[in-house]
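Have a look at the structure below before the remarks.
Numbers here are sequence positions counted from 1.
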Amino acid sequence: MIAQYAPYAMAVILAAAFLLEIRTGRIPNWLSALPFVIFAVILVMAEDRSALIWQMILAACVFGFGLGMFAIGGMGAGAVKLMTGTVLFIPYENAFYALLVYFAVFFTSTLFFVQVRKYFGSDDSNWYLMANAVLPLSFTIGVAGICGMFVF
């Protein structure tokens with residue numbers, strides 16, 4: 001019963017992560033840990049865990065990719081944890097489409113956020129996105145995750 005509401009909880013978590021990241025530049029550990037807690041509850045309550053094993057394998061692969069990106073400075077640790085937690089809720093058959101959405105949104109949102117920073121940003125802004133030349137990956141992760149959970 002609780003498993004049917006998990007994608008909605010994940011959507012709220014992803015929105016909160018995006019808002020916190022553009023404001024502070026960080027994704028808090030407590031927020032990036034929530035998907036794992038929700039998935040653990042689903043795992044304990046599930047009668048048939050075979051489908052969830054594929055989700056964990058997929059999440060492990062994404063975590064490995066994220067660690068590689070973190071090692072070369074391509075992603076922050078919070079984004080790696082958030083992306084891994086989000087993948088736990090994307091059905092295995094939708095994973096490829098979610099990956100395509102991730103790359104499409106990454107490239108288009110990069111242009112958007114650069115332009116927003118260029119026209120509206122300032123070095124003394126209280127919003128991290130406006131004061132620094134950064135890309136909030138939580139937006140890309142959130143859009144791809146929501147598409148993977150609800151659209152496909």
Side-chain angles (χ1 to χ4, degrees), residues 6-7 9-44 49-118 120-123 125-152:
M10 272 307 301
V12 171
I13 290 168
L14 292 169
F18 173 62
L19 291 174
L20 285 171
E21 188 177 13
I22 64 171
R23 178 74 169 112
T24 65
R26 300 188 64 207
I27 301 171
N29 285 333
W30 63 267
L31 188 62
S32 58
L34 284 177
F36 298 101
V37 172
I38 294 169
F39 189 79
V41 169
I42 292 170
L43 191 61
V44 168
R49 293 182 180 93
S50 61
L52 299 177
I53 290 173
W54 284 107
Q55 297 304 111
M56 293 187 293
I57 291 170
L58 186 61
C61 292
V62 168
F63 185 68
F65 169 77
L67 281 180
M69 292 298 292
F70 177 71
I72 63 171
M75 293 178 93
V80 171
K81 292 179 280 188
L82 184 67
M83 184 167 56
T84 303
T86 302
V87 168
L88 290 171
F89 296 94
I90 297 175
Y92 184 74
E93 56 273 0
N94 296 348
F96 179 72
Y97 300 114
L99 179 65
L100 292 178
V101 169
Y102 177 84
F103 285 122
V105 171
F106 176 77
F107 290 116
T108 56
S109 68
T110 298
L111 298 173
F112 175 75
F113 288 123
V114 166
Q115 294 303 316
V116 166
R117 165 74 169 107
K118 180 179 176 182
F120 301 108
S122 67
D123 291 335
S125 176
N126 290 334
W127 290 80
Y128 191 80
L129 175 66
M130 296 300 182
N132 300 290
V134 296
L135 297 173
L137 286 179
S138 59
F139 177 74
T140 306
I141 294 166
V143 171
I146 289 171
C147 286
M149 288 183 286
F150 297 111
V151 177
F152 302 116

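- Smallest separation of non-hydrogen atoms from G85 and F36: N-CZ, 3.6 Å.
- Counting only heavy atoms from C-beta outward, the side chains of Y97 and V151 never approach each other to under 4.5 Å.
- Between A79 and L137 the shortest heavy-atom distance is CB-CB, 4.1 Å.
- With rounding to the nearest 0.5 angstrom, the CG atom of L14 is 5.5 Å from the CG atom of L82.
- L19 contributes atom CG, which lies 10.0 Å from atom CG of L31 (distance to the nearest 0.5 angstrom).
- Using cut-offs of 30° and 60° for the angle between ring planes, the F139 and F113 rings count as perpendicular.
- Partners of R117 under the side-chain hydrogen bond (donor to acceptor under 3.5 Å, both in side chains) rule, at least two apart in sequence or in another chain, are D123.
- For the atom pair CG of L34 and NZ of K81, the computed distance is 12.0 Å after rounding to the nearest 0.5 Å.
- Between the OG1 atom of T86 and the CD1 atom of I141 there is a distance of 6.5 Å, given to the nearest 0.5 Å.
- Judged by distance alone, with hydrogens and angles left aside, the side-chain atoms of S32 form a donor-acceptor pair with the main-chain N or O of N29 at under 3.5 Å.
- Residue pairs meeting the side chain to side chain donor-acceptor pair (under 3.5 Å) criterion with at least one partner in residues 58-69, sequence neighbours excluded, are absent.
- Using a distance-only test at 3.5 Å, with no hydrogens or angles considered, no donor-acceptor pair links the side chain of R26 to the main chain of L20.
- Of all heavy-atom pairs spanning L135 and E21, the tightest one is O-OE2, 4.3 Å.
- Closest approach of L88 to A59, counting heavy atoms only: CD2-CB, 3.5 Å.
- How far CD1 of I90 is from CD1 of I146: 10.0 Å, rounded to the nearest 0.5 Å.
- Across every non-hydrogen atom of T140 and S109, the tightest pair is OG1-OG, 3.6 Å.
- Judged as a ring pair (Phe, Tyr, Trp, His ring centres under 6.0 Å), and not counting sequence neighbours, the contacts of Y92 are W54.
- In this structure, the side chains of L52 and F39 come closer than 4.5 Å at one or more pairs of heavy atoms.
- Taking CZ of F96 as the reference point, atom OH of Y102 lies at 15.5 Å (rounded to 0.5 Å).
- Taking each heavy atom of I27 and S138 in turn, the nearest pair found is CD1-CB, 3.9 Å.
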